[in-house]
Number of protein chains: 2
Amino acid sequence: MTRRNGSKEISELPPEDRKQRPTIVDIARRAGVAPMTVSRVVNDSGYVSREMREKVERAVKELNYHPNGLARSLKRQRTHVIGILLPDIANPFSAQLVSGIQETLVERGYSSFISVSERSTAREHAALRAMFDHRADGLIVATRETKSGNDFLLRLTEQGLPMVVVGRTLNHPRVDRVTADHWRGGYEAVEHLISLGHKRIGFIGVSPINGAGLRRYQGYLDALRENNLPIDEKLIVGPAAQSGPGYSTQDDGYAGMKKLLALKKPPTAVFARNDFTAIGAMCAIRDAGLRIPEDAAMVGFDNVPLAAYTTPPLTTVDQPTREQGREAARLLLERIEGDKTRERREICLDCHLVIRQSTTNKNDNKTV
Amino acid sequence: MTRRNGSKEISELPPEDRKQRPTIVDIARRAGVAPMTVSRVVNDSGYVSREMREKVERAVKELNYHPNGLARSLKRQRTHVIGILLPDIANPFSAQLVSGIQETLVERGYSSFISVSERSTAREHAALRAMFDHRADGLIVATRETKSGNDFLLRLTEQGLPMVVVGRTLNHPRVDRVTADHWRGGYEAVEHLISLGHKRIGFIGVSPINGAGLRRYQGYLDALRENNLPIDEKLIVGPAAQSGPGYSTQDDGYAGMKKLLALKKPPTAVFARNDFTAIGAMCAIRDAGLRIPEDAAMVGFDNVPLAAYTTPPLTTVDQPTREQGREAARLLLERIEGDKTRERREICLDCHLVIRQSTTNKNDNKTV
DNA sequence: AAATCGTATGGTAGCGTTATCACACCGGGC
DNA sequence: GCCCGGTGTGATAACGCTACCATACGATTT
């Protein structure tokens, strides 16, 4: 009983009851071996005789020993923890991304801890700082780009923290990148509308701040251009400029669509930045007493599970989110366990259009 | 240059370039003081002269020093990290809960790391184990109850890990609990339907496994009983029994409603276990060519942001999720920083019914 | 018979912090 | 002149673990 002091508390409990978590020394004593031998058994490394191994394993079980991850990580200079930074959580995209990441990580013996920035740069900083200080072995970052966020990420990279970004950019030679081809997804969505005869096609959800970086929006612009349709800025509406990183919700969709419907010549079809925005917009159309798709067709982006259950079911662009997660984790582990300084790598996966009744009701109008 | 060996790599880089993160010793050397003094400056503890403090602060800034959280936590026996265990992530409930938790935590100087069980007990175990091994100071658990999950949680509690459960139970004298009054929420939802004249009211989303534990469902049963309406088991349909913990999605809602509509006497109103289930059910009603609420009224639970944007907007029960998060964090910190062995405490917050057009279209039929 | 090798175990030293004690200085009160 | 309390600084020893080296023994090999 050389452990701890705080003398008063000790006397209140019988010494054996003090639920101190056992350490490797406790196990060693109990099994009558050296701590080093316990370590070898627990980590299954080096030579241990059957006899010793059994003694140790018995002691481990009896005291319910689990190694202290802090001490182990400190010594090994490896935590086997990957930090995942998400913009927000209420979101099928986040869920599938995490699911894909974890799929790869668990089979390689890593755990992952998630943090959420909630569109606040202060929170983003705090989360990154916490991950860095607790020495995560690497980071997967899926937050939206901001100036100060980027600076911070670059600083961490410079300090040697391996990093992969998903669905965004970060310009650094040692930061890998995984995305889906949002440009093409947007392009095909708009081509689909054009092929249905639409000529006035709106876009909801782009804010002046980050329109340049939004590739699905660039796809929209390019599809119009290449089909010789005019780009009418009145048909492009975004969420009210806000302090945080760009984002767009059902509220923005509703408000945006109202603006479009108030125009002298409203669009006959609308491409929304994401499915939630599209859902909000569809509400506005319905509230205006108009029909979808006859009076206004709608396309979303992301193919969230709910998109099959809107009224009418939503045409949208599917991106392989889970696979992006898997690839991101793979790249990160490659860098962590292999060459930390190898040149950046980029992986771009394909999107594809899912046609439902919000653009055409030629199919019979059933959900499933 | 006493640091590290791996001799070959060293010679390839000029020694100054080795991006080793600086330690407290590096700072001490640079500032010409003892490590202890650096520690005092960094932690703002004990006596330090202005002169020393400035020297140290300069060195800290120049080398961009940040203390190693592992070492610090190991020494202090405190990580200042709280683990949050969520059932899944694609979910406004999770988002608001986390948001509330973090609100409280950041102002008290803690960080939080999230893990997701994704309805797999194996994942749940792994996540808990990782949190425990990395010595999180406490846990907030919002996963669904399962036998093996409960056992595991109880073991961790017995080992002295402070814990609060949210929206579920865990029977242990040292585990606090935060919930909303789902029973009353369910009760009021059903009373609302009864007051509109409904007599055949269905329930979607309960599986035989955990119906007993689902308090909103008990509220449904009790409301029927106390209004002398018969409980008809044919009107109660759940997701197909499955291995994992109970859950219910739009898919279950759609399938469940189809079953109900196929009955000889289908219900005139349905209470769904959650909003997503309700949304799926509404699709099934529409696909059957029926009107909401005239042919079938619908009530959900949770008041997710999307509920205001369904067709028609969904009557549902709102629970104060963010506040549950705040309370959970408060209780946990109280236990961590105060009396670790104090008796369990329970906090139950009120729900309230939000009436929209899926039960009555007397209001004018606008979304906002 | 000596050198070599695979197997088995333990000792020691640190990973990067900080609690604790030790010491040293200064001014003031007796 | 001595003691005291407040102030300032550093040395030392952990926290719990594992990399590394040292040792030891039996079985080959030369």
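Convention: sequence-line order gives letters A, B, ...; per-chain numbering from 1.
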B:R78 meets the side chain to side chain donor-acceptor pair (under 3.5 Å) criterion, sequence neighbours left out, with none
base_contact_polar (C:dG16 base, B:R21 side chain, donor-acceptor, <3.5 Å):
no
Round to the nearest Å and state the distance from A:R50 atom CZ to C:dT7 atom P.
17 Å
Determine, stepwise, if the pair A:S111 / B:M131 fulfils side chain to side chain contact (heavy atoms under 4.5 Å, CB included).
CA-CA 9 Å; A:S111 19; B:M131 301 241 166; over 6 Å; no
Would you indicate, yes or no, if D:dG8 has its OP1 or OP2 atom less than 4.0 angstrom from a side-chain nitrogen or oxygen of B:Y47?
no
If I take atom CZ in residue B:R29 and atom P in nucleotide C:dG16, what distance separates them, rounded to the nearest angstrom?
11 Å
Contact nearer the 5' end of DNA chain D, comparing B:G32 with A:P35:
B:G32
Send over the distance from B:H66 NE2 to C:dT17 C1', rounded to a whole Å.
16 Å
Separation of A:M36 atom CE from D:dC17 atom C1', in whole Å?
9 Å
Would you say B:T37 places a side-chain N or O within less than 4.0 Å of OP1 or OP2 belonging to D:dG10?
yes
Determine: side-chain N/O of B:N43 to OP1/OP2 of C:dT18, distance under 4.0 Å, yes or no.
yes
A:R21 NZ/CZ over A:Y65 ring centroid, <6.0 Å and within 45° of normal:
no
Of B:V33 and B:R135, the one whose nearest nucleotide on DNA chain D sits closer to the 5' end is B:V33
Side chain of B:S49 only, please: which of C:dA8, C:dG16, D:dT9 is the nearest?
D:dT9
Can you tell me which nucleotide in D:dT18, C:dT20, C:dT9 comes closest to the side chain of A:M52?
C:dT9
Of the candidates D:dC17, D:dC20, D:dT9, the side chain of A:P67 sits closest to D:dC17
To the nearest angstrom, how far is A:R78 atom CZ from D:dA19 atom P?
12 Å
Nearest-angstrom distance from the residue atom CD of B:E51 to C1' of D:dT9:
12 Å
What's the CG-P distance between A:D133 and C:dG16, to the nearest Å?
14 Å
Just N and O in the side chain of B:T23: are any of them under 4.0 Å from OP1 or OP2 of C:dC15?
no
Taking atom types as modelled and ignoring hydrogens, do the side chains of B:D339 and B:T341 form a donor-acceptor contact shorter than 3.5 angstrom?
yes
Using a cut-off of under 3.5 Å, enumerate the N/O to N/O pairs linking the protein to nucleotides 22-25 of chain C.
none

Taking atom types as they are modelled, is there a donor-acceptor pair under 3.5 Å from the base of D:dA14 to the side chain of B:K75?
yes
Between the opening five pairs and the closing five pairs of the helix from C:dA1-D:dT30 to C:dC30-D:dG1, how far apart are the helix axes, to 10°?
70°
Starting at atom CZ of B:R40, determine the distance to atom P of D:dG8, rounded to an integer number of angstrom.
11 Å
Using a distance-only test with no angle check, is there a side-chain donor-acceptor pair under 3.5 angstrom linking B:H66 and A:Q159?
no
Name the closest nucleotide to the B:L74 side chain, picking from D:dC15, C:dT9, C:dT17.
D:dC15
If you only use heavy atoms from C-beta on, which nucleotide in D:dC17, C:dG16, C:dG11 is closest to the side chain of B:N68?
C:dG16
So, B:R72 and B:N43: side-chain donor and acceptor under 3.5 Å apart, yes or no?
yes
Would you indicate what B:A71 reaches in the nucleic acid, counting non-hydrogen atoms under 4.0 angstrom: base, sugar-phosphate, or nothing?
base
Just to confirm, is there a sub-4.0 Å distance from OP1 or OP2 of C:dT18 to any side-chain nitrogen or oxygen of B:R72?
yes
Can a cation-pi geometry be assigned to B:R129 and B:F152, taking NZ or CZ under 6.0 Å from the six-membered ring centre and within 45° of the ring axis?
no
Among C:dT20, C:dT18, D:dT18, which is the nearest nucleotide to the side chain of A:S39?
D:dT18
Strictly by modelled atom types, are A:N150 and A:R168 linked by a side-chain donor-acceptor pair under 3.5 Å?
yes
Would you mind telling me which of C:dT17, D:dT18, D:dG8 lies closest to the side-chain atoms of B:I24?
C:dT17
List the steps, then state whether side chain to side chain contact (heavy atoms under 4.5 Å, CB included) holds for A:R135 with B:N68.
CA-CA 7 Å; A:R135 297 298 190 265; B:N68 183 324; 3.7 Å; yes
Please check if any side-chain donor atom of B:S99 sits under 3.5 Å from a side-chain acceptor atom of B:R322, or the reverse.
yes
Does A:Q77 make a side-chain N or O approach to OP1 or OP2 of C:dG16 shorter than 4.0 Å?
yes
Qualifying residue, where the test is side chain to side chain contact (heavy atoms under 4.5 Å, CB included) with B:M163 and the options are B:I140, B:L154, B:T157
B:T157
